[in-house]
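Contents: one structure, followed by commentary.
Every number for a ligand or one of its atoms is a count from 1 in the order of the listing.
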Amino acid sequence: MSQYSEHFLMNTEDVKKYSKEVAQYFTAEEELKVVEIGDGNINYVFKIWNPKTGKSMIIKQADKFLRSSGRPLDINRNRIEAEILKIEGALAPYFVPQIYHYDESMCAICMEDISNYKNLRTELLNGKTFASFAGDISTFLADTLLPTTDLVMDRAEKKGRVSRFTNIELCDITEDLVFTEPYYNYKNRNIILAENQDFVESNLYNNERLKAEVGILRDEFMNHAQALIHGDLHSGSIFANEEGIKVIDPEFAFYGPMGYDVGNVIGNLFFAWANKYYTEPGNSEFLCWIEETIRDIVDLFIKKFSVKYDALVTFDLYNSYFKEQYTSKVLAASFGYAGTEIIRRVVGDAKVLDVTSVKNLEQRIPLERVLIKMGISLIMNRYSFIKGTEITEEFKLILA
Ligand code: ADP
Ligand code: MG
């Protein structure tokens with residue numbers, strides 16, 4: 001029996017040994033350095049490298065307990081992450097780290113070190129812009145989502161995948177944090193500025209029409225096993241540089257509505273936009289870029305989705321009339337989920353730096369309100385928006 005046949009949490013010395021003996025990524029003679037670089041509150045992420053050659057690798061290990069609170073969390077999430085990274089790697093090879101080795105008993109994923117790409121959320125907060133971002137992320141979305149549906153895949157094979165990717169505990173987190181608590185604070189975990197308390201009560205807690213629409217999106221999230229989705233595609237799961245993007249951390253993956261991924265991307269870009277609008281209103285270069293980027297992501301996604309559809313979907317009933325209806329539903333869901341993402345980050349307890357880093361209350365209070373208004377509009381009007389400019393114009397109206 002190998003010393004790695006039962007799960008234990010590795011320290012930096014264990015990681016050095018593991019990367020030679022199990023991953024066989026380095027030779028026994030190599031002198032290695034290791035640091036733990038995890039910045040999330042769930043897993044442990046190690047960077048291992050040989051300073052002489054520059055060769056490096058990342059090991060992401062899951063523990064049975066959350067590193068933040070010590071609460072148990074289903075370790076199966078690590079297998080799901082390794083499997084979806086392989087599937088996405090085959091469908092969109094330039095956009096995810098390559099998997100070198102995966103070990104189910106140790107819950108350890110050995111993968112390509114993508115440290116030359118930087119966290120998109122922090123880059124945007126620092127005012128960086130990326131000319132090819134809309135092009136890259138829309139390709140990633142079209143290439144990874146449609147091919148995993150049963151419009152393209154064999155029906156039986158797809159159902160097998162639905163079962164392998166059933167992700168009860170991580171979906172449960174989303175169902176609560178995104179689709180329940182911001183509208184119905186039953187766990188008392190929402191964190192709201194005192195000045196915005198009344199605003200939240202009248203616009204969210206007492207807005208019965210909105211609650212019903214969120215209910216529909218929640219029900220769809222829980223019951224529409226449409227495509228293999230990343231499940232947590234916020235701007236801290238996307239790493240970027242001048243050359244392109246890498247998407248990491250798909251441990252929330254499951255078979256769900258593809259609009260959830262598209263919506264998360266779009267929703268998170270509104271945080272960057274709102275942040276700069278209030279903190280650096282004169283930065284027109286960034287403000288123009290973020291507006292164009294949101295617009296282009298929507299329009300390019302529709303275009304690439306359509307091309308992919310024509311290339312891959314051949315079943316007789318899924319003809320051009322079907323395609324039209326299918327696409328509009330995906331788009332409406334995308335806008336709806338962009339709305340729920342925006343609202344949950346402002347009201348719920350998993351905040352984003354784009355909002356919390358704004359310390360000046362004269363900026364923070366209206367910033368939170370415009371975001372909530374935009375979230376509501378995206379949810380309520382999701383069937384009437386059909387082009388990128390319609391949502392960017394809507395946000396400009398709300399800002400004005
Ligand atoms: P968690 O699931 O705990 O949130 P992440 O997958 O988000 O963990 O990783 C945490 C951090 O570790 C990331 O924000 C990133 O800085 C770093 N990281 C993760 N994977 C890689 C990788 N393949 N290459 C370089 N850095 C990585
Ligand atoms: Mg994570």
Side-chain angles (χ1 to χ4, degrees), residues 9-10 12 15 19 23 25 33-50 54-86 88-89 92-103 107-126 140 167 169-174 177-178 229-241 243-254 260-261 264-265 268 341 345 349-354:
L9 197 58
M10 288 190 281
T12 50
V15 161
S19 64
Y25 191 72
K33 292 216 180 278
V34 181
V35 276
E36 207 273 312
I37 56 167
D39 58 2
N41 50 26
I42 304 190
N43 303 293
Y44 296 82
V45 180
F46 299 93
K47 176 173 169 148
I48 311 102
W49 74 103
N50 177 341
K55 189 173 174 181
S56 64
M57 174 174 79
I58 296 291
I59 296 183
K60 178 170 178 176
Q61 191 184 25
D63 191 18
K64 297 187 169 98
F65 306 98
L66 285 179
R67 69 185 291 183
S68 54
S69 62
R71 164 173 98 71
L73 184 65
D74 184 8
I75 208 138
N76 204 23
R77 67 185 192 270
N78 188 258
R79 175 190 58 78
I80 286 180
E81 175 162 353
E83 284 194 17
I84 189 186
L85 280 172
K86 286 185 201 156
E88 287 175 344
Y94 300 112
F95 298 126
V96 289
Q98 204 189 324
I99 302 291
Y100 298 144
H101 185 268
Y102 167 62
D103 176 343
C107 298
I109 304 172
C110 299
M111 64 182 136
E112 182 187 358
D113 176 12
I114 54 117
S115 310
N116 49 339
Y117 294 75
K118 300 281 171 269
N119 184 313
L120 181 65
R121 189 184 306 286
T122 36
E123 291 291 272
L124 298 183
L125 268 174
N126 293 332
F140 174 79
N167 201 346
E169 291 191 16
L170 282 88
C171 282
D172 188 74
I173 294 177
T174 306
L177 283 185
V178 181
I229 67 171
H230 178 286
D232 194 22
L233 197 48
H234 62 86
S235 35
S237 296
I238 302 172
F239 280 60
N241 66 20
E243 279 155 33
I245 58 167
K246 298 280 178 194
V247 172
I248 64 163
D249 197 15
E251 67 187 335
F252 281 75
F254 76 113
Y260 191 72
D261 277 356
N264 261 300
V265 170
N268 275 275
E341 172 69 3
R345 296 289 193 180
D349 76 342
K351 304 271 188 227
V352 287
L353 210 52
D354 322 46

Give a yes or no answer on whether the side chain of Asn43 reaches the backbone of Lys60 with a donor-acceptor pair at less than 3.5 Å. no

Test your reading of the structure: does Glu251 have an N or O sitting under 3.5 Å from an N or O of ligand 1? yes

Judged by non-hydrogen atoms, does Phe239 sit under 4.0 Å from ligand 1? yes

Please indicate whether any nitrogen or oxygen in Glu81 is less than 3.5 Å from any nitrogen or oxygen in ligand 1. no

How far is atom 23 (N) of ligand 1 from its nearest protein heavy atom, and which residue and atom is that? Glu112 O, 2.9 Å

Supply the atom-to-atom distance Ile48 CD1 to Ile59 CD1, rounded to the nearest 0.5 angstrom. 4.0 Å

In ligand 1, the atoms that come under 4.0 Å of a heavy atom of Asp113 are 24 (N), 25 (C)

Among all protein heavy atoms, pick the one closest to atom 13 (C) of ligand 1 and tell me residue, atom and distance. Asp39 OD1, 3.6 Å

Could you find the nearest protein heavy atom to atom 24 (N) of ligand 1 and give me its residue, atom name and distance? Ile114 N, 2.9 Å

Going by the order shown, which atoms of ligand 1 are within less than 4.0 Å of some heavy atom of Ser115? 25 (C)

Are the side chain of Asp261 and the backbone N or O of Gly231 linked by a donor-acceptor pair below 3.5 Å? yes

Check for me whether Asn119 has a heavy atom closer than 4.0 Å to any atom of ligand 1. no

Protein heavy-atom partner closest to atom 3 (O) of ligand 1 - residue, atom, separation in Å: Asn43 N, 3.0 Å

For ligand 1, find out whether one of its N or O atoms is nearer than 3.5 Å to an N or O atom of Asn41. no

Please, which pairs that meet side-chain hydrogen bond (donor to acceptor under 3.5 Å, both in side chains) have at least one residue in residues 65-75, sequence neighbours excluded? Glu36-Arg67

At a cut-off of 2.8 Å, list the protein N/O/S atoms near the Mg ion (ligand 2), residue plus atom name. Asp249 OD1, Asp249 OD2, Glu251 OE2

Among protein heavy atoms, which sits nearest to atom 8 (O) of ligand 1, and what does the distance come to when rounded to 0.1 Å? Lys60 NZ, 3.5 Å

Once you round to the nearest 0.5 Å, how far does CD of Gln61 lie from SG of Cys110? 10.0 Å

Is the ring pair Phe140/Phe95 parallel, tilted or perpendicular, if the boundaries are 30 and 60 degrees? perpendicular

Quick test: of every protein heavy atom, which one is nearest to atom 27 (C) of ligand 1, and how far off is it to 0.1 Å? Ile37 CD1, 4.2 Å

So do Asn167 and Asn76 actually touch side chain to side chain, heavy atoms under 4.5 Å? no

Protein residue, atom and distance nearest to atom 4 (O) of ligand 1, heavy-atom basis: Asp249 OD2, 3.2 Å

So, Ser237 side chain and Asp232 main chain: donor-acceptor pair closer than 3.5 Å or not? yes

Taking the side chain from Glu112 and the backbone from Gln98, do they hold a donor-acceptor pair closer than 3.5 Å? yes

of all protein heavy atoms, closest to atom 18 (N) of ligand 1 is Val45 CG1, 3.9 Å

Answer yes or no: does an N/O atom from Ile248 fall short of 3.5 Å to an N/O atom of ligand 1? no

Taking Ser56's backbone N and O only, do any of them form a donor-acceptor pair with Tyr25's side chain (distance below 3.5 Å, no angle check)? yes

Are Arg345 and Asp354 close enough for a salt bridge, meaning some N to O gap below 4.0 Å? no

Are Arg79 and Glu83 within salt-bridge range, i.e. N to O under 4.0 Å? yes

Is the number of heavy atoms from other residues, nucleotides or ligands under 6.0 Å of Lys55 NZ greater than 12? yes

Within the 4.0 Å heavy-atom shell around Met111, which atoms of ligand 1 are there? 23 (N)

Considering only heavy atoms from C-beta outward, does the side chain of Ile173 approach that of Phe252 to under 4.5 Å? yes

